[in-house]
Amino acid sequence: MRFGVAMPAAFAALSGGFFAWYSTLVGTTSSALGWGFVAMLLVMTWRPRFGIWLLIGLWVFVNVQREWSGRLSAGLSGEDVVVEATVLTVQPLSVPSFQATRLLLALDTCHSPAQRPSCSALSKVRVSAYSDEVFKPGEQWRMTLRLRPPNGFANPHAFNFEQWLWREGIHATGYLRQDPPAERLSTASISLRQLALSFLSQQAVSERAQRWLAALTLGESGQLTQDDWSLLNATGTTHLVVISGLHVGLVASFVLLLAKLAARLLTPGNWRMRVWPWWAAAAGCVAYAALAGMAPPAMRAMVMTLIGLWVLSGRHAPGAWQAWWLALALVLMFDPLALWRPGMWLSFIAVAWLIVIWQGHQRPRGIKGWCWALIRTQLLLAPLMAAAVLVAFGRVAPMAPLVNLVAVPWVSSVMVPTALLGWLLAPFPLVGHLAWWIFEAALNVFHLLLTLSSQQWPLWEPDRLLTYPLAFALLLLSLCWGVPGILPGLRLLSTALIVALPWWSLAPPFAQGVIRVSVHDVGQGQLIELRSQNYRLLYDAGPRFRGGFMPLETLWSPGQRFDQVIISHADNDHAGGVEALLSDHQVNQWLTPLGESLPVPNLACARGQAWERDGVGFRILWPPAGANTLSANDRSCVLEVSVGEHRLLITGDVGADIERRFLQDVRSPVSVLVAGHHGSRTSSGIQFVRHTTPQHVIFSAGRSNQFQHPADQVVRRFRYENSCLWSTAQDGALLFWLDASDLIQIKTTRKLSGQRNRC
């Protein structure tokens, strides 16, 4: 590809990807493809040399459409399909009571039930196996799976699991059926990668060292635990662990150094003119990326490293910006879904900024020069990357610049070299083990640094209204200090803006007498956050799934403070996230029904309890004091929240008989009702619905849940009262304000393609 077309080619790839995404959203894929083909023919007739750009854009478009079309059909959701599949990855799940494994499968064949849509388009699925079977990567199995389309929870400013599944090419999720039992068709073929992992598991190093060695050298980041990832996220050092340009670049540099030494010995007269050392470095780069599994980060790092070697070789090489655009075009051609990978954008933004701040500068000389270059680079790069991370994830590690100032040279100069040296010296057990012993000692120092940093300066999540102004201020700071020729006054002004802006978040986010209510999307469960000017209440903690995952973990960064947490009752779908609250957050007071066995210092909620905060009234309507003989559902704490004439009523899982017993205490009409028991037919009785006549009704239920909540008869009762109906299963998280001077408007997180009749 000529250098002059590198930038247009990258633009074409970007345009093709976004065009494919847009056409899929609006449901005009076939017409969009037809009109795009006609436009391509016209442009190629008018300007034939532009054809390469259009072909690249078309390539990205077709690949993105193929991924969308490969998703499991909704008609197969919850159905059993018989597949023959190859195991790609195996990840043990931390479930104390039984054996559980998460499998990533590449489907060879798929057979769906009669009179159901075909599943032949499926190519990759992610399933959980709750059995004692031992699965190994590379094995082929015949198994029965129960699948569902790759959906995720929809909560504002939270991790988009559904989009992650899509960009990883995963077309369905589900679990392995134990009847009929899975049948192994063939054992795993010999793989250098698997041999390396097996060899590593037998080494006399700690379990943590094995995990980090696998992640740093073989790209097996899935072996890191949730605690490892939380520590890396809290300190802004995630980029040091995944296979990135740092690791691939180190391997290429090491091979280049050895090859140049060999060339100097073999041809001392003209060794500088030898080309083969550069080819050797390129071969080492490709080999290492292949050993790491050629995952998207490794592939991206390989492409950027190869082009970087070309630029540094000086032989008919492109300029820095030409190389940048060429790398972007190649990455998008190899991996069209990289458009939706935040890591790709962060990598290219970082490299682009490095070009800006170093272009025209001489290479540093000596140890002092390199140390100053490292400090200057990190200080100039940190604000820009913090702005990008803030926009992408809504959170930022406040001490990331200083931590990276120590962590980057420590990882690149000590940990990665000793880890790779251990592999090179593996045939010599004593020497190889010594290298990994040094690595383990260095890892302990690194882990201690991250732990102290995260404890002293935890991950900061600014107010949502402050996110974009703060990101803009960080961008302005980077530009003022990184671009030459900027007046000193502007630099001081940008620095003062950064210092002053975070103090804005100390102002109360709400007015007196107003409360914000968020009914989060946590699947088949319930978790409601209520927040006023100086008060934060959590009603229920959501579920904990069989694999150990708690949706509450994805909603907030660690270190949140809650004034009160009310657990309606101890059922898993309401109290499953208590463990995450205890380990990661601070709760001032717990309220639970009498008789519930929960590991919290609880105060019993009882009928008649009432309090007021920030002009907002709270009342407990049920259970009566000492009522521990009722069933767990019927002991649920029932909460009423009042703001002026507006009333919010949350009834937990109480049944229709209990609803009648506290009905006289309910002040009607109710503005918003969170329907009892997720819309089960055992709750929301006819008398209760007629008395409360709720304006809005919210069902907190899971998508395609096995209980078929909300029940049809319950929905009809509320329809008869002209209530507006909402469901977290369809709408995602729901957000509204109770304000005495304003009407209630409920905002949804998941945007549906079709309009639903809610009222």
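Predicted, not measured: the structure shown is a model, and the values here were computed from it. Reckoned from all heavy atoms, side chains included, excluding hydrogens, waters and symmetry mates.
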I'd like to check Leu420 versus Phe254 (side-chain heavy atoms, cut-off strictly below 4.5 Å). Are they in contact?
no

What pair of heavy atoms forms the shortest contact from Ala281 to Leu256, and how long is it?
CB-CB, 3.8 Å

Look up atom CD1 in Ile307 and atom CH2 in Trp325, then write down how far apart they are to the nearest 0.5 Å.
13.0 Å

Applying side-chain contact (heavy atoms from CB on, under 4.5 Å), run through Val600 and Val565 and close with a yes or a no.
CA-CA 10 Å; Val600 296; Val565 172; over 6 Å; no

Which value, rounded to the nearest 0.5 Å, describes the distance between Leu450 atom CG and Leu443 atom CG?
9.0 Å

Are Asn160 and Glu162 linked by a side-chain donor-acceptor pair shorter than 3.5 Å?
no

Would one find more than 12 heavy atoms of other residues, nucleotides or ligands at under 6.0 Å from atom CZ of Phe549?
yes

With a 3.5 Å cut-off and no angle check, do the side chains of Tyr539 and Gln526 form a donor-acceptor pair?
no

Only one of Leu538, Val519, Asp540, Val522 clears side-chain contact (heavy atoms from CB on, under 4.5 Å) with Ile528; which?
Val519

Indicate yes or no: at least one non-hydrogen side-chain atom of Phe161 is less than 4.5 angstrom from one of Thr554.
no

Write down the atom of Val351, the atom of Met304, and the distance for their closest heavy-atom approach.
CG2-CE, 3.3 Å

Report the distance from atom CH2 of Trp556 to atom CG of Asn155, rounding to the nearest 0.5 Å.
9.0 Å

side-chain contact (heavy atoms from CB on, under 4.5 Å) between Trp481 and Ile357, worked out
CA-CA 9 Å; Trp481 286 91; Ile357 63 180; over 6 Å; no

Are the side chain of Ser453 and the backbone of Leu449 linked by a donor-acceptor contact shorter than 3.5 Å?
no

Find out whether Trp590 and Pro601 are in side-chain contact, i.e. whether some heavy atom of one side chain is under 4.5 Å from a heavy atom of the other.
yes

If only atom types and distance count, is the side chain of Trp436 paired as donor or acceptor with the main-chain N or O of Ala419 below 3.5 Å?
yes

Using modelled atom types only, decide if a donor and an acceptor are shared between the side chain of Asp563 and the backbone of Arg536 within a distance under 3.5 Å.
yes

Crowded around Tyr468 OH? As in, over 12 foreign heavy atoms under 6.0 Å?
no

Under the side chain to side chain contact (heavy atoms under 4.5 Å, CB included) rule, collect the residues that match up with Gln455, sequence neighbours excluded.
Thr451, Leu452

Heavy-atom closest contact (Pro137 atom, Val90 atom, distance):
CD-CG2, 3.8 Å

To the closest 0.5 Å, what do you measure between OG1 (Thr749) and CG (Leu735)?
7.5 Å

Smallest separation among heavy atoms of Arg300 and Ser347, with atom names
NE-OG, 3.6 Å

In short, Arg341 meets Arg167 closest at the heavy-atom pair NH2-O, 2.7 Å

Student check: side-chain heavy atoms of Leu381 and Asn404 closer than 4.5 Å:
no

Below 4.5 Å, heavy atoms only, C-beta onward: do Met415 and Phe439 meet side chain to side chain?
yes

Does any non-hydrogen side-chain atom of Val255 lie less than 4.5 Å from one of Tyr288?
no

Glu553: which residues meet the salt bridge (Lys or Arg N to Asp or Glu O under 4.0 Å) condition with it, sequence neighbours left out?
none

Any donor-acceptor pair under 3.5 Å from Ser413 side chain to Trp410 backbone:
no

Where does the angle between the aromatic ring planes of Phe545 and Phe153 fall among parallel (under 30°), tilted (30 to 60°) and perpendicular (over 60°)?
parallel

How long is the gap from NE2 on His585 to CZ on Arg561, to the nearest 0.5 Å?
13.5 Å

Can you confirm whether more than 12 heavy atoms, excluding those of Gln202, are under 6.0 Å from its CD atom?
yes

Is it the case that the side chain of Trp345 and the backbone of Ala388 share a donor-acceptor pair, with hydrogens and angles ignored and the cut-off at 3.5 Å?
no

How far apart are the C-alpha atoms of Gln564 and Tyr535, what are their side-chain angles, what is the distance that settles it, and do they pass the side-chain contact (heavy atoms from CB on, under 4.5 Å) test?
CA-CA 9 Å; Gln564 281 183 315; Tyr535 179 66; 2.3 Å; yes

Hey, are Thr217 and Trp423 close enough side-chain-wise for a donor-acceptor pair under 3.5 Å?
yes

If only atom types and distance count, is the side chain of Gln210 paired as donor or acceptor with the main-chain N or O of Gln203 below 3.5 Å?
yes

Would you name the heavy atoms of Ala407 and Phe446 that are closest together and state the gap between them?
CB-CE1, 3.7 Å

Below 4.5 Å, heavy atoms only, C-beta onward: do Val311 and Trp324 meet side chain to side chain?
no

Contact check, side chains of Trp164 and Ile170, non-hydrogen atoms, under 4.5 Å:
yes

Spatial distance of atom CZ (Arg208) from atom CG (Asn444) [nearest 0.5 Å]:
5.0 Å

